[in-house]
Amino acid sequence: MSLLSTLARLEAVRSGHAEPLATVRHRHLSDRPLVLVPLAAAAEDGAPLAVLLGTDRSAPRLHIVPQPLNRGQRYAFLAAFAADLLPYLESCAAEVERIEGSEKDPQTGEKIVTFRELSADAPQVIVPNHGAVQHLGLLGRATRFRRTAEDPDPGRYPAPAQVPLLGRWLTHLTDRAKVPGSSLLLPMTGLLARHWATGQSQLEDQHLGAQLAWHRATSELPGAEAARLVESGRDERGQLLHPPAGPTTDPRFDEKLLGPAIGRYDAALAALRHAQDEDGPESPRAQSAQASAERAVEQLRTLLHAVMLPTWHDVWHGLDLLRTLPPGAHLPERWESDRWSFTGHRERVAAGEPPQPRRDDAVTAARKLAQREREQVRTDVQEALDDPLAMAERRLAGEAFSGEVTELVPDWDTSGRTPKPRPLLTVRTTDHPHADLGREVHRAWGPSVQKAVITAVDPGQGLITVRVASGMGRKKEPEPGSLPAVGERVTFTLFELTARQSAPLPEPDDTPWTHGGPPSAAQDSPTAAEEWE
Amino acid sequence: MTSTVSPLQPSPGVSRGTDPGAAADAAVAAILDATVRPAARAPRGVVVDSPPGAGKSTLVVRAAQELVGAGERLMIVAQTNSQVDDLVDRLALKAPDLTVGRLHGSEARPAPEALRHPNVTASSKPADLLELDVVVSTAAKWQWVKDVDPWRHAIVDEAYQMRSDALLAVARLFERALFVGDPGQLDPFTVVGTEQWAGLSYDPSSSAVVTLLAHNPAIVPHRLPVSWRLPASAAPLISTAFYPYTPFRSGTGPGDRLLIPSSPPDGSAVDAAIDEAAEHGWALLELPARLTVRTDPQAVAAVAATVRRLLDRGLNAHSEQGSTPLTPGRIAVGTAHRDQAAAVRAALTALGVPVDSTAGPAVTVDTANRLQGREYDVTVVLHPLSGRPDATAFHLETGRLCVLASRHRHACIVVARAGIAGLLDEHPSTEPVQLGVTVKFPDGWEANHAVLAQLAEHRVRL
């Protein structure tokens, strides 16, 4: 936690209200996000119980598994979930952009112009918290290798047709969510915590309702008390006034309401089977048992809907809050990476490629790590450039300094054939950067990319002198406007303003002996993954 | 610049029980044999585990010499530019008949020490250096080298600091390799989450040696059994606290290393701590218990005052290498965080202690990460847990404490707030257990307690 965010938390404690950590919004928000609130059943890891989803805040759609341990019902649920989610994903690919690129012709070696289609939009799924992201990841892992009736060898338990496709998309979304700065799948708690500090711990912030309580706080009900009420306030039946955002449910809810409702459903189902066996499926007894089984499902739906609806509204409320912030300037650039990620995965699915393997091979894992590290650097830099508050964090950490130019002394590097401008720029600053002599610095918000080297530091006077080394044009005199004038405010960073390219890695088939050689193709075949049913 | 060079041959007169020199020589001979003259079906890698100051760098120079002597060319992979410069300097000095190439990035210029030798060629293009006996560069630079025939031999220095993904990118450049490193130092790290790969043998964020050993079970690591750096007062503690299953000993005996002040103490706690450290090799300068910000001003002031007095009192360091006065260049201050190092540097500057090595001999002030592989006569350490309200995995990491407590030839003075033992007891390790990940022993919690117990016997209250 940075000094600035610690300070913001302390201020939130004092004010009793969430305090801003950003002046702009640092994540792209779609015009048409899909909000998705999943619930998991207790007792079995990753067993789905229900999901509430939709793009219209006034019309959430609910899918439930009446008996979470019943595999048949689980896959019926997943089929319904897929039928609801996949059209949304597909709708984002309705329009495409043609992007011009160039490639080397493999035969002639000449450059040829190529066109790639890039989806003009991409899906954005907003879930309540990080636990929901993990839950979707587990669902993806459990379903992407399932065989369906369309497979040449469907096996004994073929899954409904769209289930493996749902699994591949959930896997893609959760994998993409691990890339810093990405916006295809975002947890609301993380979004809010990036932009506002509350007066509670980061652990407590993972409860969406409690975190939002700091935003709703009033002078009568300050944040800490409002959060406590959300976390532990119960009604006369002992149920939480504000159910947790999932995916796990409140144990008291499980015990007093959910368990008995599932029990009633089980009983109704048993009665139905009994009546059908004894009196025949069309008998009046069977029909009345059918009706009571349907009533039991309806009761379960009502129960789960009620317990998920507050979270549904919380997520939308969070979106409202985030929309009050103006978007950061670099968001379109990062969103384009998300669009490429979406387009690429769509193409892989359309091309009939197999699902993502169960485990990454050595090369893929290293590539993903390199990508995430690069994106982390890019996101940090772009956030600092987009938001003076983010830059202030870096300044406080000694990684940047801002100040007024007090002196500009023209000078030249005459070692080459033609003299090159290398002027000395002195900045008066109250910041305390880790400014070692000879350290390279980079000018933020300048007219062009500009590097300089620290040549003198006077901490007593707060003066830092740098020799500007680039970004002044090719002539002997610096281009007009390329250097700041005396009295102008400038900011230099000690970190580079672009992420470095990652080093090339071998192809998976060229995995070296140190890493076990090329991965065997058989290891990740889908059929190997179906031992559990 | 301080070199980590330690003599593999102890000076005459050092002997205690079985001769440490003989034990070390036998280990080195076995390693060189396996590297230069591998058996017919031997694995392609040789791994050497080296405790702090056990002559790892000397081993690298000797292995390079022997390989070239056997008619081979080789590449050497180190992890940082300063390690590469150090290595080039030492290679060129010890083996003037070798031709050494220093491959560097287009922006990073090699240090002058590395380039002062006539047998060193520096270039940013590998093609310029291919004919040379030895080519040295960082793993980061080697990853970009392409269109070259693989070398038959490579030496990977500080291999435990190298990440698995870096090895993945450079392994195509060589057929066989000697991996040398210290398993007790800091593990490589990343700023992004990697739980997804935890437990995979090739987890890209784990250490290169861990991956190598997992995929090449026939490789049995060699060990260097003697630390020439650590004094007799430190080796037993470091060995039991950080290397419980691979013990080592010091090359020198009690009384071989002496630190003698030339002026008497002024009665202050700082001077008492210096005297304690001079006599016993350890001192704990303890401030009253208090929760503080990371750059605890009082602790920083205590560190700075200690360094100032170390210089003012004109200490003389007597060792098997002779007697030398304790100059700024032989002192280091170690911290956990960069802002702490910056605060100490500012405090030292205010006391007139040189901290900028470009302007002459200076006290080194740096974080544990950057002190890895370095050696000094006296170190002053700001304890990673001093003044903290919690003990996080970062601050408990075994390697961090091990690096900080094993850089010295004579004495280590630790500055800390009281109450660390209680803090440890309130924060047992709670990291989630990952399936398939080898549990590291000892864990940081236990190692911290072991070091604290030793320091408690040398406590001076401020």
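The figures here come from the full heavy-atom set of this structure, side chains too, leaving out hydrogens, waters and symmetry mates. Order of the sequence lines sets the chain letters (A, B, ...), proteins ahead of strands, with each chain counted from 1.
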Contacts of residues 205-213 of chain B with chain A (heavy atom under 4.5 Å): B:S205, B:T211, B:L212
Atom pair CG (B:D165) and CZ (A:R367), whose distance is rounded to the nearest 0.5 Å: 12.5 Å
B:F189, CZ atom: more than 12 neighbouring heavy atoms under 6.0 Å: no
Interatomic distance, B:T194 atom OG1 to A:K368 atom NZ [nearest 0.5 angstrom]: 13.0 Å
A:T511 vs B:L168 side-chain heavy atoms within contact, under 4.5 Å: yes
A:D510 portion near chain B, given a 4.5 angstrom heavy-atom threshold: neither
Portion of A:Q501 that has a non-hydrogen atom of chain B nearer than 4.5 angstrom: both
Polar contact flag, side-chain donor to acceptor under 3.5 angstrom, A:D360-B:W197: yes
pair A:E399-B:R338: side-chain heavy atoms closer than 4.5 Å: yes
Test item: A:H515 side-chain N/O and B:S201 main-chain N/O as donor-acceptor pair under 3.5 Å: no
Pairwise distance CZ(B:R172) to CD(A:E507) - rounded to 0.5 angstrom: 12.0 Å
Chain B contact via A:V363 - side chain, backbone, both or neither, heavy atoms under 4.5 Å: both
Contacting region of A:P504 [heavy-atom separation from chain B under 4.5 Å]: both
Largest heavy-atom contact set with chain B, pairs under 4.5 Å, which of A:A397, A:A365, A:G516: A:A365
Atom pair OH/OG1 of B:Y202 and A:T364 - distance to nearest 0.5 Å: 8.0 Å
Nearest heavy-atom neighbours spanning B:A169 and A:P506: CA-CD, 4.3 Å
Which atom of B:Q143 lies closest to which atom of A:A503, heavy atoms considered: OE1-CB, 2.9 Å
Distance (rounded to the nearest 0.5 Å) between A:W513 CH2 and B:E175 CD: 10.5 Å
Side chain proximity check, A:L369 to B:R163, heavy atoms < 4.5 angstrom: yes
Minimum-distance pair of heavy atoms, taken over all atoms of A:R372 and B:V192: O-CG1, 3.6 Å
Chain A contact residues among residues 342-351 of chain B, heavy-atom distance under 4.5 Å: B:A342, B:R345
Region of A:S502 that comes under 4.5 Å of a non-hydrogen atom in chain B: backbone
Step-by-step side-chain contact (heavy atoms from CB on, under 4.5 Å) determination, B:H215 to A:T514: CA-CA 6 Å; B:H215 287 285; A:T514 54; over 6 Å; no
